[in-house]
Peer 1: 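Below is one structure. I have some questions about it.
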Amino acid sequence: MKTAPTPEVIDRLKKEYPDADTELEWSNPLELLVAVILSAQCTDVRVNQVTDSLFEKYRSAEDYAAAPREELEEDIRPTGFFRNKAKSIQGMARAVIEDHGGEVPRTMPELVALPGVGRKTANVILGNVFGVNEGVVVDTHVKRLSNRLGFTDEENPEKVERDLIPLVGEKDRTLFAHLLIFHGRRICKARKPLCPDCLLNDICPSAEI
DNA sequence: CTCCCGATAT
DNA sequence: ATATCAGGAG
């Protein structure tokens, strides 16, 4: 399988989406961490609808830890998987209090050790909050576009990440994920990709025009 | 691998 | 009717 040149892809998408950034709304590390946990298998639009009021009610890790489980479940219900997510958020909050003095930790091992936090979520926090780009965020969009563009043949997200790391300079990794996510939502959609409208269709191995 | 959740698009 | 949505745990 051929592969599109990564720098060219980044360059073109950067011009198309100069404002590419997270579309989750947050104002501190804990808020982004909660928003990312809620974002699993859910659109960012819906997450933002929920967090708009959630973040007024829960202002600290202590607030999440102290809440009755069932009440938190109702507060996040529209994001789906609400029982698992409420359990994750409370487990995360308690671990943050117990092990990190109520502050979101800044290293990969510490983040991944939190309940409900995997490499994808950890990479989002490290990149967007702390400017640390040792890894690459591989979510459903980054995985799909990386497969279609020929950056990797792997299906497992962690293997996809290992293939992407040498292809993307550390400085570009956070932007890279945002660019692929923007393009994935608008053009390179999962179900019916709009290849004729895609600015990468001349260098994409999967393009069908 | 399955389960978790439900709104939306196709 | 079914695939998909900023995944992670058991």
Peer 1: Would you say that A/F55 contacts A/E25 through its side chain, given a criterion of any heavy-atom pair below 4.5 Å between the two side chains?
Peer 2: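 Side chain of A/F55 against side chain of A/E25, heavy atoms only: no contact under 4.5 Å found.
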Peer 1: CG of A/L38 versus P of B/dG6: gap in Å, rounded?
Peer 2: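 In whole Å, B/dG6 P lies 15 Å from A/L38 CG.
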Peer 1: Measure from the side-chain heavy atoms of A/D139 and tell me the nearest of C/dG7, C/dC5, B/dC4.
Peer 2: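 Between C/dG7, C/dC5, B/dC4, the one nearest the side chain of A/D139 would be C/dG7.
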Peer 1: Can you measure A/L180 atom CG to C/dC5 atom P for me and round it to whole angstrom units?
Peer 2: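 Nearest whole value for this atom pair: 13 Å.
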Peer 1: How are the rings of A/F151 and A/F176 set relative to one another: parallel (under 30°), tilted (30 to 60°) or perpendicular (over 60°)?
Peer 2: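 Ring orientation, 0 to 90° scale: tilted.
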Peer 1: Would you indicate which nucleotide in B/dG6, C/dA6, C/dG7 comes nearest to any side-chain atom of A/F82?
Peer 2: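 When the side chain of A/F82 is considered, B/dG6 is the closest of B/dG6, C/dA6, C/dG7.
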Peer 1: Determine the Euclidean distance between corresponding P atoms of B/dC5 and C/dA1; express it in Å to zero decimal places.
Peer 2: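 The answer is 25 Å between these two P atoms.
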Peer 1: Give a yes or no on whether a salt bridge exists between A/K87 and A/E73, defined as a side-chain N under 4.0 angstrom from a carboxylate O.
Peer 2: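 Salt bridge: no.
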Peer 1: What is the separation between atom NZ on A/K143 and atom C1' on C/dA3, rounded to the nearest whole Å?
Peer 2: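 These atoms are roughly 14 Å apart.
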Peer 1: For C/dG8, take OP1 and OP2 only and decide whether either is under 4.0 Å from a side-chain N or O of A/T121.
Peer 2: yes
Peer 1: Could you tell me whether the phosphate oxygens of B/dG6, OP1 or OP2, come under 4.0 Å of any side-chain nitrogen or oxygen in A/R77?
Peer 2: yes
Peer 1: Whether the A/S53 and A/E56 side chains hold a donor-acceptor pair (N or O, under 3.5 Å, no angle test) is what I'd like checked.
Peer 2: no
Peer 1: Taking CG from A/D44 and P from B/dA7, how many angstroms apart are they, rounded to a whole number?
Peer 2: 18 Å
Peer 1: Can we say A/K57 and A/E71 salt-bridge, meaning some charged N sits less than 4.0 Å from an Asp/Glu carboxylate O?
Peer 2: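 Yes, this pair counts.
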Peer 1: Atom CG of A/L164 to atom P of C/dA6: distance rounded to whole Å?
Peer 2: 18 Å
Peer 1: Ignoring backbone atoms, test whether A/K189 places a side-chain nitrogen or oxygen under 4.0 Å from the OP1 or OP2 oxygen of B/dT10.
Peer 2: yes
Peer 1: Has A/R119 got a side-chain N or O lying under 4.0 Å from the OP1 or OP2 atom of C/dG7?
Peer 2: no
Peer 1: Take A/S88 and A/V36, find for each the nucleotide of DNA chain C with the closest heavy atom, and name the residue whose nucleotide sits nearer the 5' end.
Peer 2: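 The 5'-side residue here is A/V36.
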Peer 1: Taking for each residue the nucleotide of DNA chain C bearing the nearest heavy atom, is the 5' side occupied by A/H178 or by A/V117?
Peer 2: A/H178
Peer 1: Starting at atom CG of A/N156, determine the distance to atom P of C/dA9, rounded to an integer number of angstrom.
Peer 2: 14 Å
Peer 1: Let's see if you get this right: which residues in residues 12-26 of chain A place a heavy atom under 4.0 Å from DNA chain C?
Peer 2: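 A/T22, A/L24, in order of number.
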Peer 1: When you get a sec, tell me which of C/dG8, C/dC5, B/dA9 is the closest nucleotide to the side chain of A/R191?
Peer 2: B/dA9
Peer 1: Within the 4.5 Å heavy-atom criterion, are A/V136 and A/E161 side-chain neighbours or not?
Peer 2: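 Side-chain contact under 4.5 Å: yes.
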Peer 1: Would one find a side-chain N or O of A/R185 under 4.0 angstrom from OP1 or OP2 of C/dA6?
Peer 2: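 Result: yes.
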Peer 1: Does a side-chain N or O from A/R83 land closer than 4.0 Å to OP1 or OP2 of B/dC5, or not?
Peer 2: yes
Peer 1: Mind checking the P distance from B/dC3 to C/dA6? Whole angstroms is fine.
Peer 2: 24 Å
Peer 1: Rounded to whole Å, please give me the gap between CG in A/L32 and P in C/dA6.
Peer 2: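 From A/L32 CG to C/dA6 P: 15 Å.
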Peer 1: In whole Å, what is the span from the CZ atom of A/F81 to the P atom of C/dT4?
Peer 2: 14 Å
Peer 1: Using a 3.5 Å distance criterion without hydrogens, assess whether the side chain of A/R119 forms a donor-acceptor pair with backbone atoms of A/V112.
Peer 2: no
Peer 1: Just by distance, no angles: are the side chains of A/N133 and A/T174 close enough, under 3.5 Å, to form a donor-acceptor pair?
Peer 2: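 Yes - a donor-acceptor pair under 3.5 Å links their side chains.
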